[in-house]
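Every value quoted in this text rests on a predicted model; they were computed, and no experiment measured them.
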Amino acid sequence: MNSKASVVLLLLLGCSLQRVYSQDPTTAGTTASPTTASPTTSETTVSGETTVTTAKPPFSTCAAYAGAPVDLEAISGDWYEAGRAPDTDVSQCLKYVVPSSPNANNKLEVQMEFVNTADNKWDHEKDSGLLPWDANAQNGIFNLSIGETVKLPVTLKLVDSDPKSYALLCGYLGIASNEPIFKVLTRKRELNDAEKKQVQDNFNGFVSNTDLVWVEQNEGKCNSAMRSAGGFIVALALVLLVLQRNH
């Protein structure tokens, strides 16, 4: 299993197919160094807390978003996937543990825990993966390439975050995409209806007229089984290619 591809795919989709993608880290994307747009400020409210977030570029589309500096220590720790759009995967109960600093090879080792519901099963699995901590990543943009023979560029972007409660990510395949995938992560595992409305409102501040699909995070249900993932990762490229072909 290629750890770098694994963590990005899990962040975007969760578990859907048993297929391992290889990646050459020397050809990780063809993007230039991060660029900077005119900054703005915004307020994020989740779980009763309102925080004025760090100045950041405006958001129009995932492909056009220029990124903003990331405080790795502030966003480190446990995160739970609360919602996604569109609903393209079969994973539930997703938990990510982000390190506060890169390792000796300048990589971020992200720990993951999730439930695979493929084939009407309920398998609780664990995995880990490496993300590059380069200049783009420090600006919230992770550029990778996946594929066994033909390398396909994948981009993951941290669009917005309140380190205490909320993070919004988007991702796509290729240089640009009309079918990005969005993920909303929260510090709190189970959200009540009022908190879900706050998350939805925050999300619609970036992506209008789109409803999030809520991810199962009931602690009792999520902890009903446990086993090692053993190389079980997602086929993000295949799903995104299908979405593109349908448009």
Side-chain angles (χ1 to χ4, degrees), residues 7-15 40-62 64-65 67-68 70-72 74-98 110-115 117 140-142 155-172 179-223 234 236 239:
V7 65
V8 172
L9 301 183
L10 281 166
L11 280 166
L12 293 175
L13 284 181
C15 283
T40 60
T41 58
S42 61
E43 290 188 352
T44 304
T45 305
V46 179
S47 304
E49 294 187 8
T50 301
T51 304
V52 178
T53 59
T54 305
K56 58 178 66 66
F59 181 85
S60 57
T61 65
C62 188
Y65 183 67
V70 172
D71 184 343
L72 181 57
I75 66 169
S76 64
D78 295 353
W79 289 95
Y80 300 93
E81 185 173 319
R84 59 174 72 117
D87 188 19
T88 54
D89 62 62
V90 295
S91 58
Q92 300 291 334
C93 305
L94 290 103
K95 175 184 176 181
Y96 311 101
V97 182
V98 179
V110 180
Q111 304 295 325
M112 293 158 288
E113 199 171 326
F114 53 92
V115 168
T117 64
I141 300 174
F142 297 89
T155 301
L156 172 69
K157 298 184 179 184
L158 177 62
V159 175
D160 186 42
S161 67
D162 170 3
K164 296 180 180 178
S165 60
Y166 165 92
L168 170 62
L169 301 100
C170 68
Y172 55 86
E179 292 291 340
I181 292 173
F182 292 91
K183 297 285 188 181
V184 175
L185 311 182
T186 56
R187 292 291 196 182
K188 184 178 179 182
R189 181 160 210 162
E190 292 186 66
L191 303 181
N192 59 37
D193 289 343
E195 290 164 343
K196 286 181 177 179
K197 183 180 185 304
Q198 292 171 354
V199 169
Q200 180 69 60
D201 290 345
N202 290 337
F203 175 70
N204 288 144
F206 293 89
V207 185
S208 60
N209 302 317
T210 300
D211 290 333
L212 288 167
V213 177
W214 300 107
V215 177
E216 178 64 65
Q217 286 292 0
N218 178 273
E219 188 168 4
K221 190 171 184 179
C222 290
N223 290 336
V234 230
L236 169 64
V239 176

Exercise for the section: Report yes or no: does Q111 contribute a side-chain atom to a donor-acceptor pair with the main-chain N or O of K95 at less than 3.5 Å? Expected result: no

Problem - Exercise: identify the closest heavy-atom pair between K196 and W214 - result: O-CH2, 3.3 Å

Fill in the blank from the handout: Rounding to 0.5 Å, atoms CG (D87) and CD1 (I181) come to a distance of 10.5 Å

Fill in the blank from the handout: Paired with K188, the salt bridge (charged side-chain N to carboxylate O under 4.0 Å, His left out) test is passed by just one of E195, E219, E81, namely E195

Problem - E216 side, atom CD; C93 side, atom SG - distance, nearest 0.5 Å - result: 5.5 Å

Handout entry: Check: A74 main-chain N/O paired with S76 side-chain donor or acceptor under 3.5 Å
Key = no

Exercise for the section: State, with a plain yes or no, whether a side-chain heavy atom of L158 is found less than 4.5 Å away from one of F142. Expected result: no

Handout entry: Candidate pair R84 and S91, rule side chain to side chain contact (heavy atoms under 4.5 Å, CB included), full reasoning
Key = CA-CA 11 Å; R84 59 174 72 117; S91 58; 3.6 Å; yes

Fill in the blank from the handout: Of all heavy-atom pairs linking A82 and L191, the shortest is CB-CD1, 3.9 Å

Exercise for the section: Give a yes or no on whether N192 atom CG has more than 12 heavy-atom contacts from other residues, nucleotides or ligands under 6.0 Å away. Expected result: yes

Exercise for the section: Verify the distance criterion only: is there a donor paired with an acceptor across the side chains of Y80 and E190 at less than 3.5 Å? Expected result: no

Practice task
Tell me, with the steps shown, if N204 and Q200 meet side chain to side chain donor-acceptor pair (under 3.5 Å).
Solution key: CA-CA 6 Å; N204 288 144; Q200 180 69 60; 2.9 Å; yes

Fill in the blank from the handout: So CG of N202 and OG1 of T186: to nearest 0.5 Å the spacing works out to 11.5 Å

Handout entry: Side chain proximity check, L169 to L156, heavy atoms < 4.5 angstrom
Key = yes

Handout entry: Point-to-point distance, once rounded to the nearest 0.5 Å, from CZ of F203 to OG of S208
Key = 9.5 Å

Problem - Heavy-atom closest pair, residues P180 and Y172 - result: CA-CB, 4.4 Å

Handout entry: For C170 against V159, the heavy-atom pair lying closest together
Key = SG-CG2, 3.6 Å

Practice task
Using a strict 4.0 Å threshold on nitrogen-to-oxygen distance, state whether D201 and K197 make a salt bridge.
Solution key: yes

Problem - Distance (rounded to the nearest 0.5 Å) between T155 OG1 and Y65 OH - result: 14.0 Å

Exercise for the section: Name the orientation class of the two ring planes belonging to F59 and F206 (parallel below 30°, tilted from 30 to 60°, perpendicular beyond 60°). Expected result: perpendicular

Fill in the blank from the handout: Note: R189 and C222 closest approach over all heavy atoms is NH2-CB, 3.3 Å

Practice task
State, to 0.1 Å, how close V215 and L94 come at their nearest heavy-atom pair, and which atoms those are.
Solution key: CG1-CD1, 4.2 Å

Handout entry: N/O donor-acceptor pair under 3.5 Å between K157 side chain and C62 backbone
Key = yes

